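Reading through the structure tokens given below for one structure.
From a predicted model like this one, the values you see are computed outputs, not experimental measurements. Throughout, a chain's letter reflects where its sequence line sits, starting with A, and its residues are numbered from 1.
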There are 2 protein chains.
Amino acid sequence: MRALDISEVVEQTGLRPSTLRYYEEIGLIKSIGRQGLRRQFAPQTLMQLSLITLGKSAGFSLDEIAGMFGEDGQPDLSREDLRTRADDLDKQIHDLTVLSKALRHVANCSAPSHIECPKFQKLLRVAKRPKKR
Amino acid sequence: MRALDISEVVEQTGLRPSTLRYYEEIGLIKSIGRQGLRRQFAPQTLMQLSLITLGKSAGFSLDEIAGMFGEDGQPDLSREDLRTRADDLDKQIHDLTVLSKALRHVANCSAPSHIECPKFQKLLRVAKRPKKR
DNA sequence: ACTTGACCTCAAGTTAACTTGAATTTGTAT
DNA sequence: ATACAAATTCAAGTTAACTTGAGGTCAAGT
């Protein structure tokens, strides 16, 4: 498999060149060498970027994400860690589900104001304290 | 119902005083008056803050959240909007679910490296492009 | 030979969401 | 009356995650 120009990576990931350079600068990804001035990326990097994007959408910081990769750029988490991450996600999923359902309910609810709707009340009880993360 | 001191709001929400002042500064919440120098908050504001916290955890920006309240501080979204928000959330929930399941699978997977695990491969296919939001 | 376009570097700028600190005021307790 | 803790304001600082811009390089096409 041949190395990829930055433009190809941009093409395939939808990220901007400046973002890729930034990611490299902070050590999140690595380029495999240069062709003249130009960075060359390993095809591997594409999957890494997929994971990074996914991780971000799950609310992880770049720093946290960086910690999930080993020196080789391959995901490197203990089974323990993986389960902890999954547990976190499940909690987040649960909260979002409550919110989504509440929104849908309110959309169909006939109570004169949202505040008076009991489901809405319940929603507020779920949202008690900010997370640790 | 009597008005609340900032310290009581802090107590009940877990937010910091500086955060509350900041929220007021950007018009996200309002204080109902002053006792000397001191802001007084309506009890109503507590529920508003619950919603703000919940909204944040769902990935909304303070700006977006501000747009969800009317002048009176009560939630103010058309049924249409509510459904759109719910749809967004459901999509996000779906992605997070995929991620969580994949993590759990990988935690139990016996493939020598995660990359070789087919479920993991599938996960990468899900994570294609960044969101518009 | 020359222009072009895609890349490069490096410093500085940007936005969101707060936090911090210094200087001041005020309500309550002694 | 005085001290003190708890507020206040306002400007400036902070962090994450990028973006922008100026100025430079290089391979390829005309």
Side-chain angles (χ1 to χ4, degrees), chain A residues 2-42 45 48-69 127 129-133, chain B residues 2-42 45 48-69 127 129-133:
Chain A
R2 41 173 271 293
L4 305 166
D5 232 38
I6 203 172
S7 60
E8 306 180 81
V9 178
V10 163
E11 166 101 10
Q12 305 235 359
T13 61
L15 299 170
R16 305 182 48 165
S18 61
T19 305
L20 296 172
R21 290 189 202 105
Y22 172 69
Y23 282 178
E24 186 181 4
E25 190 184 326
I26 64 172
L28 192 49
I29 61 175
K30 292 195 195 305
S31 54
I32 202 59
R34 297 290 176 110
Q35 190 73 333
L37 278 188
R38 303 167 183 212
R39 285 167 180 79
Q40 302 298 118
F41 292 100
T45 303
Q48 218 184 329
L49 287 169
S50 295
L51 281 179
I52 290 167
T53 300
L54 197 57
K56 280 189 36 176
S57 87
F60 295 107
S61 70
L62 295 185
D63 237 43
E64 289 175 304
I65 294 171
M68 303 178 191
F69 292 102
R129 302 240 143 208
K131 312 283 182 57
K132 323 88 208 170
R133 282 245 328 274
Chain B
R2 42 173 268 294
L4 305 166
D5 231 39
I6 202 171
S7 60
E8 305 180 81
V9 178
V10 163
E11 166 99 10
Q12 305 235 358
T13 61
L15 298 171
R16 305 183 48 169
S18 61
T19 305
L20 295 172
R21 290 191 203 103
Y22 172 69
Y23 282 178
E24 186 181 4
E25 190 184 324
I26 64 172
L28 191 50
I29 61 175
K30 293 195 193 306
S31 52
I32 202 60
R34 296 292 177 109
Q35 189 74 331
L37 276 189
R38 303 169 182 208
R39 286 167 180 78
Q40 301 299 118
F41 291 101
T45 303
Q48 218 184 329
L49 288 168
S50 294
L51 282 179
I52 290 167
T53 300
L54 197 58
K56 281 190 37 178
S57 87
F60 295 108
S61 70
L62 296 185
D63 237 45
E64 289 175 303
I65 294 171
M68 303 179 193
F69 291 103
R129 300 240 143 210
K131 313 284 181 56
K132 321 90 209 170
R133 283 245 331 273

Item to check | Interatomic distance where CD belongs to A:Glu8 and C1' belongs to C:dA6 [whole Å] | outcome: 13 Å
Checklist outcome for this item: Of D:dT19, C:dC8, D:dA7, the nucleotide closest to the side chain of A:Thr19 is D:dT19
Checklist entry - When we call it a touch if two heavy atoms are under 4.0 Å apart, what does B:Ile6 touch: a base, just sugar-phosphate, or nothing? => result sugar-phosphate
Checklist entry - Which of these, A:Ile65, A:Leu49, A:Thr45, sits in a side chain to side chain contact (heavy atoms under 4.5 Å, CB included) with A:Tyr23? => result A:Leu49
Next on the checklist: Can you identify which nucleotide, out of D:dT8, D:dC26, C:dT19, has its nearest atom closest to the B:Leu37 side chain?
Outcome noted: D:dT8
Checklist entry - Is B:Lys56 salt-bridged to B:Glu64, going by a charged N under 4.0 Å from an acidic O? => result no
Checklist outcome for this item: Between A:Ser18 and B:Arg34, whichever has its closest DNA chain D nucleotide further toward 5' is B:Arg34
Item to check | side-chain N/O A:Arg39 vs C:dT9 OP1/OP2, d < 4.0 Å | outcome: yes
Next on the checklist: Using a 4.0 Å heavy-atom cut-off, does A:Gly36 contact any base of the nucleic acid, only the sugar-phosphate backbone, or nothing at all?
Outcome noted: nothing
Checklist outcome for this item: Among D:dT9, D:dA17, D:dT20, the one nearest any side-chain atom of A:Ser61 is D:dA17
Next on the checklist: Categorize B:Arg21 for me: base, sugar-phosphate, or nothing, with a 4.0 angstrom heavy-atom threshold over every strand shown.
Outcome noted: base
Checklist entry - What integer distance in Å separates B:Asp5:CG from D:dT8:C1'? => result 12 Å
Checklist entry - Are any of B:Tyr23's side-chain N or O atoms less than 4.0 Å away from OP1 or OP2 of C:dC18? => result yes
Checklist entry - Can you check the B:Glu24 CD to D:dC10 C1' distance for me, whole Å? => result 15 Å
Checklist entry - Side-chain donor or acceptor of B:Arg38 under 3.5 Å from a matching atom on the base of D:dA6? => result yes
Next on the checklist: Other residues, nucleotides and ligands only: do more than 12 of their heavy atoms fall within 6.0 Å of CD1 on A:Ile32?
Outcome noted: no
Checklist entry - Is there side-chain contact between A:Phe41 and A:Asp5, with heavy atoms separated by less than 4.5 Å? => result no
Item to check | Among D:dT9, D:dC18, C:dA17, the nucleotide that comes nearest once only the side chain of A:Lys56 is considered | outcome: D:dC18
Checklist entry - Below 4.0 angstrom, N of the basic side chain to O of the carboxylate: do A:Arg39 and A:Glu24 qualify? => result yes
Checklist outcome for this item: Taken to the nearest whole Å, CD/B:Glu25 to C1'/C:dT20 is 14 Å
Item to check | Euclidean distance, atom CZ of residue B:Phe41 to atom P of D:dA6 [Å, nearest integer] | outcome: 17 Å
Checklist entry - Just how far, in rounded Å, is C1' of D:dT15 from CD1 of A:Ile26? => result 13 Å
Next on the checklist: Nearest to the side chain of A:Tyr22, heavy atoms from C-beta on, is which of D:dA17, C:dC8, C:dT20?
Outcome noted: D:dA17
Checklist entry - Once you round it to whole Å, what is the distance between P of D:dT19 and CG of A:Leu15? => result 9 Å
Next on the checklist: What is the separation between atom CG on A:Leu62 and atom C1' on D:dC18, rounded to the nearest whole Å?
Outcome noted: 9 Å
